[in-house]
S.K.: 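I am attaching a structure below and will ask some questions about it afterwards.
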Amino acid sequence: MTTPVERLDVAAHGAAGAGRVGSGSAPDLHLALLDWFAANARDLPWRDPAAGAWGVLVSEIMLQQTPVARVEPRWRDWMARWPTPTDLAAASPADVLRAWDRLGYPRRALRLREAAGVISRDHDGRVPTATADLLALPGVGSYTAAAVTAFAYRRRAVVLDTNVRRVLTRLVGGQALPPPSVLAVESERALDLLPDGDEDSARWNAALMELGALVCTARAPTCSACPVRTGCAWRRAGAPADSHAAKRRTQAWHGTDRQARGRFLAALRAAPGPLTTAELAAVWEPGPQFERALAGLLADGLVAAETAPDGGVRGYTLPLA
DNA sequence: AAATCGTGGTC
DNA sequence: TGACCAAGATT
């Protein structure tokens, strides 16, 4: 009886041919997926070469933990309003947070603005190409740096987002879902399958992500429509259930600080001027949690306190500068 | 390294 | 209906 992992070795290395692509991979797999992508890729605005590296960076930050459908309209407005990093760097945090609207995780908006400042000051207003420079930008981690490298600059990079992780975990690993945190073997798998050429590898990354988003979904994958189903270790193993389900803790929401913070920010985005403590109390019950959430927002620079001449707090606003 | 950080759609 | 999930980063 072979385990799924042993089957994976067969899937990954058994059909290794005269690799145009990385060692130990199957050219068939690449052709099948790249052909599928050519025929099925969504027409997303940041995939238009005219979007440029700045457009790609903005999209990647917005897309962190946020569905494409929610991002698209915000991205269009954002790019029309701040077409260059220098434009965004000159905007006030309050304006930026209002334009961010309800994309969620609003500190991403502040970090994007800070990143725009760094780009404007230190990189002549152009999104940097060096990975180290990308990683130095606020809000840019390993995924986003790789995504900008691949999708904006069309260079070879290991792009490991939730989609790619899931697709490779199934296709090669034979398991339903990836573990909670990224393992070294996942990066190795991704690198092993990554085509050698810059443009090929960029397309491959996009194709893997697209497959994960459209076909190889988390809940109910439509394997019948999958271009690489015949090579899928997970299917071959009988599509076993998620082995990491126990470790994965679902994030609480109701009654949490995050919910309180969200309420406060929603109220402040909608308010033309400062809101008093009493007005904030209309959206969240006063008490220790109220104080904690508000203090957190102030510490994070998402909210500013407006003080009266006598030093007392007159009200709260989105940060004006 | 585990916790924290929004929001809304889906089944 | 509530749990799960969505192009992660940061501390």
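Heavy atoms only: backbone and side chains are in, while hydrogens, waters and symmetry mates are out. Chain identifiers are assigned alphabetically (A, B, ...) following the order of the sequence lines, protein sequences preceding nucleic acid strands; residue numbering begins at 1 within each chain. Because the structure is predicted, anything quoted here is derived from the model rather than measured.
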S.K.: By nearest heavy atom, map A/Arg248 and A/Gly141 onto DNA chain C; which one lands nearer the 5' end?
M.R.: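 So the residue in question is A/Arg248.
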S.K.: Side chain of A/Gln64 only, please: which of C/dA7, B/dG6, C/dG8 is the nearest?
M.R.: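 Of C/dA7, B/dG6, C/dG8, C/dG8 is nearest to the side chain of A/Gln64.
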S.K.: Is there a side-chain contact between A/Pro227 and A/Leu211 (heavy atoms, below 4.5 Å)?
M.R.: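 Sidechains of A/Leu211 and A/Pro227: in contact.
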S.K.: When you check the gap from the basic side-chain N to the acidic O, do A/Asp242 and A/Arg248 get nearer than 4.0 Å?
M.R.: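 So A/Asp242 pairs with A/Arg248 through a salt bridge.
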S.K.: Ring centres under 6.0 Å, that's the criterion: do A/Trp82 and A/Trp54 meet it?
M.R.: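 No, they do not, as the ring centres are separated by 6.0 Å or more.
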S.K.: Name the closest nucleotide to the A/Arg269 side chain, picking from C/dA6, B/dT7, B/dC5.
M.R.: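 Of the options given, the side chain of A/Arg269 lies nearest B/dT7.
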S.K.: So, is A/Gln65 close to the C/dG8 phosphate, meaning a side-chain N or O under 4.0 Å from OP1 or OP2?
M.R.: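 Checking A/Gln65 against C/dG8: at least one side-chain N or O falls below 4.0 Å of OP1 or OP2.
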S.K.: It should be established whether A/Arg108 places a side-chain nitrogen or oxygen under 4.0 Å from OP1 or OP2 of nucleotide C/dT10.
M.R.: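 The answer is no; no side-chain N or O of A/Arg108 sits under 4.0 Å from OP1 or OP2.
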S.K.: Is it true that A/Glu285 and A/Arg263 have a side-chain N and a carboxylate O under 4.0 angstrom from each other?
M.R.: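 Salt bridge flag = no for A/Arg263 with A/Glu285.
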S.K.: Using whole Å, report how far CH2 of A/Trp75 lies from P of C/dA7.
M.R.: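 In whole Å, C/dA7 P and A/Trp75 CH2 are 18 Å from each other.
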S.K.: Assign A/Ser142 to base, sugar-phosphate, or nothing according to its heavy-atom contacts below 4.0 angstrom with the strands shown.
M.R.: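 Since only primed, P, OP1 and OP2 atoms lie under 4.0 Å of A/Ser142, the category is sugar-phosphate.
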S.K.: Taking atom P in both C/dA9 and B/dG8, compute the distance separating them and give it to the nearest angstrom.
M.R.: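 Rounded to whole Å, the distance is 23 Å.
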S.K.: Side chain of A/Asp161, heavy atoms from C-beta onward: which of C/dC5, B/dC5, C/dG8 has the nearest atom to it?
M.R.: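 Out of C/dC5, B/dC5, C/dG8, the nucleotide with an atom closest to A/Asp161's side chain is C/dG8.
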S.K.: Expressed in angstrom and rounded to an integer, what is the separation of A/Arg107 atom CZ from B/dT4 atom C1'?
M.R.: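 Interatomic distance, CZ of A/Arg107 to C1' of B/dT4: 7 Å.
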S.K.: Nearest-Å distance, CD (A/Glu72) to P (B/dT7)?
M.R.: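 Nearest whole value for this atom pair: 21 Å.
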S.K.: Using a cut-off of 4.0 Å on non-hydrogen atoms, how would the nucleic acid contact of A/Gln251 be classed: base, sugar-phosphate, or nothing?
M.R.: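 Base, at least one base heavy atom under 4.0 Å.
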S.K.: Base, sugar-phosphate, or nothing for A/Pro180, non-hydrogen atoms under 4.0 angstrom?
M.R.: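 Since no nucleic acid heavy atom lies under 4.0 Å of A/Pro180, the category is nothing.
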S.K.: Select one nucleotide: of C/dA7, B/dC5, B/dT7, the one nearest the side-chain heavy atoms of A/Arg261.
M.R.: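 Of C/dA7, B/dC5, B/dT7, B/dC5 is nearest to the side chain of A/Arg261.
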S.K.: Determine whether any donor atom in the side chain of A/Arg70 lies under 3.5 Å from an acceptor atom in the base of B/dT7, or the reverse, and answer yes or no.
M.R.: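 Yes, a donor-acceptor pair under 3.5 Å.
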S.K.: With a 4.0 Å cut-off on heavy atoms, is A/Leu208 in touch with a base, just the backbone sugar-phosphate, or nothing at all?
M.R.: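 Result for A/Leu208 = nothing.
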S.K.: Pick base, sugar-phosphate or nothing for A/Arg165, based on heavy-atom distances below 4.0 Å to the nucleic acid.
M.R.: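 It contacts nothing in the nucleic acid.
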S.K.: Students often get this wrong, so: under 4.0 angstrom with heavy atoms, is A/Gly104 touching a base, only sugar-phosphate, or nothing?
M.R.: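 Base contact - A/Gly104 has a heavy atom under 4.0 Å of at least one base atom.
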S.K.: Would you mind checking if A/Arg107 and A/Asp300 are paired as a salt bridge, meaning a charged N to carboxylate O distance below 4.0 Å?
M.R.: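 A salt bridge links A/Asp300 with A/Arg107.
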S.K.: Using the side-chain heavy atoms of A/Glu210, tell me which of these nucleotides is nearest: C/dA7, C/dA6, B/dC11.
M.R.: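 Nearest to the side chain of A/Glu210 among the choices is C/dA7.
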S.K.: Is there a side-chain contact between A/Asp161 and A/Val164, using heavy atoms and a 4.5 Å cut-off?
M.R.: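 Yes, side chains in contact.
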S.K.: Report the distance from atom CG of A/Asp300 to atom C1' of C/dT10, rounded to the nearest whole Å.
M.R.: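 That distance rounds to 11 Å.
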S.K.: On the side chain of A/Arg102, is there an atom forming a donor-acceptor pair with the base of B/dG6 - under 3.5 Å, no angle test?
M.R.: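 No.
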S.K.: Classify the nucleic acid contact of A/Val164 as base, sugar-phosphate or nothing, counting any heavy atom under 4.0 Å across all strands shown.
M.R.: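 Here A/Val164 touches no strand at all.
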S.K.: Roughly how many Å apart are C/dA7 and B/dC11, using the P atom of each and rounding to a whole number?
M.R.: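 Going atom to atom, P in each nucleotide, I get 15 Å.
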S.K.: Do the charged groups of A/Asp192 and A/Arg189 touch, with an N to O distance under 4.0 Å?
M.R.: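 No.
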S.K.: Give one of base, sugar-phosphate or nothing for A/Ala147, where a contact means two heavy atoms less than 4.0 Å apart.
M.R.: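 Answer is nothing: A/Ala147 stays at 4.0 Å or more from every strand.
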S.K.: Between C/dA7, B/dG6, C/dA6, which nucleotide has the shortest distance from any of its atoms to the side chain of A/Glu60?
M.R.: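 The nucleotide sitting nearest to the side chain is C/dA7.
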S.K.: Whole angstroms only, please: what is the OH-C1' distance between A/Tyr105 and B/dG6?
M.R.: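 Result: 6 Å.
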S.K.: Can a donor-acceptor pair under 3.5 Å be found between the side-chain atoms of A/Arg219 and the base atoms of C/dC4?
M.R.: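 By the distance-only test, yes, there is a pair.
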S.K.: Is the distance between the ring centroids of A/Phe290 and A/Phe264 under 6.0 Å?
M.R.: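 They qualify: ring centres under 6.0 Å apart.
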S.K.: Classify A/Leu103 by what it touches in the nucleic acid, base, sugar-phosphate, or nothing, heavy-atom distance under 4.0 Å.
M.R.: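 If one applies the 4.0 Å heavy-atom cut-off, A/Leu103 turns out to touch a base.
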S.K.: Side chain of A/Thr250, base of C/dG2: donor and acceptor closer than 3.5 Å?
M.R.: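 No pair found.
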S.K.: Measure CD/A/Glu186 against P/C/dG8 and give the value in whole Å, please.
M.R.: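 In whole Å, C/dG8 P and A/Glu186 CD are 13 Å from each other.
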S.K.: Ignoring backbone atoms, establish whether A/Thr144 has a side-chain N or O less than 4.0 Å from OP1 or OP2 of C/dA9.
M.R.: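 Checking A/Thr144 against C/dA9: at least one side-chain N or O falls below 4.0 Å of OP1 or OP2.
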S.K.: Could you work out the separation of B/dA3 and C/dC4 based on their P atoms and round it to a whole Å?
M.R.: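 Comparing P positions in B/dA3 and C/dC4 gives a spacing of 16 Å.
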S.K.: Between A/Met209 (CE) and C/dA6 (P), how many Å, whole number?
M.R.: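 Atom CE in A/Met209 sits about 12 Å away from atom P in C/dA6.
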S.K.: Please classify the nucleic acid contact of A/Trp46 as base, sugar-phosphate, or nothing, using heavy-atom distances under 4.0 Å.
M.R.: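 Here A/Trp46 touches the bases of the nucleic acid.
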S.K.: 5'-most contact on DNA chain C: A/Leu135 or A/Arg42, nearest heavy atom basis?
M.R.: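 Upstream on the strand: A/Arg42.
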S.K.: Quickly work out the A/Leu57 CG to C/dG8 P distance and round it to whole Å.
M.R.: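 The answer, rounded to whole Å, is 15 Å.
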